[in-house]
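For reference, the structure is listed below as structure tokens.
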2 protein chains.
Amino acid sequence: MQPDQEITLLLQKAGLRPTAQRLALARVLFDGSDKHVSAESLHEGVNAAGGRVSLATVYNTLHQFKAAGLLREVAIEGDRSFYDTNTSNHFHLYDVEEGTLLDVDHEQLKISGLPALPKGQVIDRVDVIVRVKRR
Amino acid sequence: MQPDQEITLLLQKAGLRPTAQRLALARVLFDGSDKHVSAESLHEGVNAAGGRVSLATVYNTLHQFKAAGLLREVAIEGDRSFYDTNTSNHFHLYDVEEGTLLDVDHEQLKISGLPALPKGQVIDRVDVIVRVKRR
DNA sequence: TTACATGCAAACTGTTTGCAAATAT
DNA sequence: ATATTTGCAAACAGTTTGCATGTAA
């Protein structure tokens, strides 16, 4: 768990006012361990931790944190969006049956032979999802 | 455009009755060129082609075609699902600004150093999305 | 004739938004 | 004081479902 002062600073550097709700959410999200959350799971998490944050604010805050580069959205097929507190270069291991997500350090995995891009285009980033299942 | 007979056979091999609606959808989808469709775009496409298929049936049929291995769902962050008529091993180039999707042949792109999998797990497949933007 | 497929409209889920009240600066 | 943030509830988009009708085998 990070001291509140650091979290406050984190928000201020992102140009976000350190309100009670954003602090509560940031405390849950940025406790030092990498996390993958949905709006719903974060909402439950923060309220379980004693916070009092409406679901609408959770959505707003996820967007703001994403825009500020504090979170990364992960593209998983399906109905809900996932956000990753690990914003560094890495890939994902996705358990198709469980619906769970694990990080894979990008040191381990290498990609070569990226195609020529349409002119005027540049790579934003490369998402790799290793889909695994039982058997 | 494939002859109707082949399309009928395609459906029958998948254990799907070749109804008028499924034929109309399959004709649009499997015309020989690789496509990425959403339920909405396919619905428009089939009706523009003279078909008469309700949106609910488009959804049902997309699921059935996916289950039968005729289509693959592509994980793109966002509100709607995309289906790919190219079910072979390949990757995607995703234009973040336009929301458009291009295939990348997997011969071109190589991945090495896949992590050790949790025991009892096996790779279902690897999704790679090269996100590009202008600049 | 019988099991399966379709269309419609209603239901549902995740997400977004308008606005009045509350809060940070 | 003022601009931003919040919560609520209503709106919304995409998707799914129940059921009566239609169709393939």
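Computed from a predicted structure; not experimentally measured. Proteins come first, then strands; the chains are lettered A, B, ... in the order of their sequence lines, and each starts at number 1.
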Practice task
Note down the inter-axis angle between the two ends of the helix from C:dT1-D:dA25 to C:dT25-D:dA1, five pairs each, to the nearest 10°.
Solution key: 30°
Nearest-Å distance for atom pair [atom1]/[atom2], residues [X] and [N]:
| X | N | atom1 | atom2 | result |
| --- | --- | --- | --- | --- |
| A:Asp79 | C:dC12 | CG | P | 16 Å |
| B:Leu55 | D:dT15 | CG | P | 8 Å |
| A:Leu16 | D:dA3 | CG | C1' | 15 Å |
| A:Gln64 | C:dT17 | CD | C1' | 14 Å |
| A:Leu25 | D:dT6 | CG | C1' | 12 Å |
| A:Leu62 | C:dT15 | CG | C1' | 11 Å |
| A:Arg80 | D:dT15 | CZ | P | 15 Å |
| A:Asn60 | C:dG14 | CG | P | 18 Å |

Ignoring backbone atoms, establish whether [X] has a side-chain N or O less than 4.0 Å from OP1 or OP2 of [N].
| X | N | answer |
| --- | --- | --- |
| B:Thr57 | C:dG7 | yes |
| A:Gln21 | D:dG7 | yes |
| A:Arg17 | D:dT4 | no |
| A:His63 | C:dT15 | no |
| B:Tyr59 | D:dT15 | yes |
| B:Arg22 | C:dT6 | yes |
| A:Thr19 | C:dT23 | no |

Practice task
Provide the closest heavy-atom pair for A:Arg134 versus B:Val122 in the form atom of the first, atom of the second, distance.
Solution key: O-CG1, 4.2 Å
Handout entry: A:Gly69 to A:Thr87 - nearest heavy-atom pair and separation
Key =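 For A:Gly69 and A:Thr87, the tightest heavy-atom pair comes out as O-CG2, 3.5 Å.
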Practice task
Taking only Lys NZ, Arg NE, NH1 and NH2, and the carboxylate oxygens of Asp or Glu, determine whether A:Lys66 and A:Glu73 approach each other closer than 4.0 Å.
Solution key: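 Looking at A:Glu73 together with A:Lys66, the answer is yes, because their closest N to O distance falls below 4.0 Å.
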Problem - Salt bridge B:Glu6-B:Lys13, side-chain N to carboxylate O under 4.0 Å - result: no
Fill in the blank from the handout: Between the CZ atom in B:Arg131 and the CD1 atom in A:Ile123, the distance rounded to the nearest 0.5 Å is 12.0 Å
Problem - side chain to side chain contact (heavy atoms under 4.5 Å, CB included) partner of B:Gln21, chosen from B:Val46, B:Asn60, B:Val53 - result: B:Val53
Practice task
Check the pair A:Asp84 / A:Arg72 against salt bridge (charged side-chain N to carboxylate O under 4.0 Å, His left out), numbers first and verdict last.
Solution key: CA-CA 5 Å; A:Asp84 192 339; A:Arg72 166 186 294 191; over 6 Å; no
Handout entry: Selected nucleotide, minimal atom distance to B:Pro18 side chain, candidates D:dA24, D:dA9, C:dG7
Key = D:dA24
Handout entry: Proximity to the side chain of B:Val53 - top-ranked nucleotide from C:dG7, C:dT15, C:dG14
Key =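 Nearest listed nucleotide: C:dG7.
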Practice task
Consider only side-chain N and O atoms of A:Asp103 and A:His90, and report whether a donor and an acceptor are under 3.5 Å apart.
Solution key: yes
Exercise for the section: Look at all strands and tell whether B:Ser81 reaches a base, only sugar-phosphate, or nothing, counting heavy atoms closer than 4.0 Å. Expected result: sugar-phosphate
